[in-house]
2 protein chains.
Amino acid sequence: MADLPERTSSDPNVEIMRATYRALRESGYADLTIKRIAEEYGKSTAAIHYHYDTKDDLLVAFLDYILERFVETIHEVETTDPERRLDLLLDQLLVAPADHHDLLIAVLEMRGQTPYNEAFADRFQRNDEYVRYMLRTVIDHGISEGVFTDVDAEHATRALILSSMGDALEPSFWTRRIRSPQPDRRQRSTFPSFSELRQTRSAGS
Amino acid sequence: MADLPERTSSDPNVEIMRATYRALRESGYADLTIKRIAEEYGKSTAAIHYHYDTKDDLLVAFLDYILERFVETIHEVETTDPERRLDLLLDQLLVAPADHHDLLIAVLEMRGQTPYNEAFADRFQRNDEYVRYMLRTVIDHGISEGVFTDVDAEHATRALILSSMGDALEPSFWTRRIRSPQPDRRQRSTFPSFSELRQTRSAGS
DNA sequence: GACTTTTGACTGACTGGTTAGTAAGTTAGG
DNA sequence: CCTAACTTACTAACCAGTCAGTCAAAAGTC
């Protein structure tokens with residue numbers, strides 16, 4: 001999950017995606033309105049409707065935009081050493097989201113809409129399948145090289161599932177914003193890193 | 001997380017709580033309206049406002065209602081054998097929520113609102129603290145009896161955190177409703193049970 | 001025990017504000 | 001002068017919440 005770069009893009013679509021992100025971050029999904037997005041965009045609500053016919057179109061486009069960046073980020077892992085490749089991949093999946101707390105909240109809120117929005121569900125399912133595939137590939141490669149044992153696969157898959165949740169497992173995650181506006185963001189999650197999990201597993205087998 | 005019993009209660013407040021639950025389950029938090037709740041209640045919207053001044057009052061009352069039942073349920077664990085007591089407690093925290101899929105979704109959606117609703121945040125924080133306290137007490141008791149080693153405490157706390165999430169870690173959890181309306185609900189979660197976790201841990205130490 | 005009064009639980013009609021979305025006209029750049 | 005990117009002004013639907021009045025049953029009162 002990369003930051004949102006190109007701070008001064010002249011592409012209205014990208015500007016709207018950024019505005020949507022800010023509005024979602026500040027209002028939450030339940031209170032997200034076209035008006036709020038338009039305010040962040042600095043234009044009228046009709047300007048939003050000029051680019052996206054319906055609110056749902058906009059939201060689906062936004063989800064695509066975010067997940068595209070997510071996939072790009074984990075695709076950047078380019079190493080041949082299986083062990084290092086897995087560690088880097090899992091860092092992207094588990095550690096990176098913790099550094100983008102607000103974005104993670106936004107994505108989790110949209111994920112929470114999947115029971116009521118089929119388009120969202122499709123996107124998340126495809127994304128989950130892709131991430132799963134990536135992990136399986138990396139692990140299979142490691143197994144064929146004799147670096148991993150095959151029990152790791154199951155374990156890693158479990159860790160992958162956590163990626164979509166990350167710090168959400170920490171109760172303080174949800175309350176952080178209201179309790180103390182923007183505190184020490186650099187504080188690391190207390191959730192076990194993948195290397196910890198791997199140690200436990202190999203000790204057990 | 002108990003079922004909602006007393007199917008025919010004449011207490012309007014309880015009826016409204018149940019109606020709110022059904023409305024929340026079917027509409028999701030973002031689309032939850034007084035009108036929807038009133039429809040489930042079978043009365044007018046003004047009838048809702050007669051019992052609860054504002055929508056927020058109603059929602060906070062609903063959250064209290066749900067969390068109260070949750071606490072009651074885990075309080076029912078009454079055994080002196082530390083090991084069995086911990087297992088039963090963790091079953092309530094980890095396994096029971098999986099049996100109440102819809103309720104869990106509803107609670108998770110409300111938890112997702114905590115960054116924007118201080119009253120919700122308060123309730124969840126108190127609840128988390130209570131659950132944490134319960135677990136710590138049970139574990140400390142087990143340690144003083146010499147049944148547990150103290151490393152279990154950290155491990156159990158981690159499992160507790162999962163309690164608030166449960167099956168949410170399964171991607172299919174979110175998509176289940178849309179994909180196949182009400183499929184095999186009895187299918188057990190694939191997430192490791194606490195006993196599995198404990199076996200791994202003791203094998204490692 | 002008949003009567004009045006009070007109270008709890010509503011209904012139906014309404015209000016003011018907000019929502020997503022539209023339609024017609026404007027403006028600046030290539 | 002054409003088109004992309006808007007704006008202003010609008011609409012219909014919907015939202016939470018209000019208000020005046022209904023109605024049955026409980027509580028006093030004589």
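Note that the structure is a prediction, hence the values are computed from the model and not measured. Just so it is clear: chains get the letters A, B, ... in the order the sequence lines come, proteins before strands, and each one is counted from 1.
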Residue set satisfying side-chain contact (heavy atoms from CB on, under 4.5 Å) with A:A47, at least two apart, ordered chain then number -> A:Y41, A:K43, A:S44
What are the 5'-most and 3'-most nucleotides of DNA chain D lying under 4.0 Å from any heavy atom of chain B? D:dC15 to D:dC19
side-chain contact (heavy atoms from CB on, under 4.5 Å) involving A:T137 - partner list, sequence neighbours excluded: A:Y133
Minimum heavy-atom separation for A:G28 and A:E109, please, with both atom names. CA-OE2, 3.5 Å
Whole Å only: how far is the OH atom of B:Y50 from the C1' atom of C:dA9? 5 Å
Of the residues in residues 31-49 of chain B, which ones touch DNA chain C at a heavy-atom distance under 4.0 Å? B:Y41, B:K43, B:S44, B:A46, B:A47
Please enumerate all residues that pass salt bridge (charged side-chain N to carboxylate O under 4.0 Å, His left out) together with A:E39, with sequence neighbours excluded. A:R36
The side-chain contact (heavy atoms from CB on, under 4.5 Å) partners of A:Y50 (sequence neighbours excluded) come to none
Residues pairing under salt bridge (charged side-chain N to carboxylate O under 4.0 Å, His left out) where one sits in residues 52-64 of chain B, two or more places apart or in two chains, turn out to be B:D64-B:R123
Protein-to-nucleotide contact annotation, 5' to 3' order, nucleotides 25-30 of chain C [B base; S sugar-phosphate only; - none; under 4.0 Å, heavy atom]: ------
Mind checking what makes side-chain contact (heavy atoms from CB on, under 4.5 Å) contact with B:E72, not counting sequence neighbours? B:E68
Identify, with sequence neighbours excluded, every residue that meets side chain to side chain donor-acceptor pair (under 3.5 Å) alongside B:Y52. B:N13
To the nearest 0.5 Å, what is the distance between OG1 on B:T20 and CD1 on B:I37? 4.0 Å
Is the side chain of B:Y21 donor-acceptor paired with the backbone N or O of B:L103 at a distance under 3.5 Å, no angle test? yes
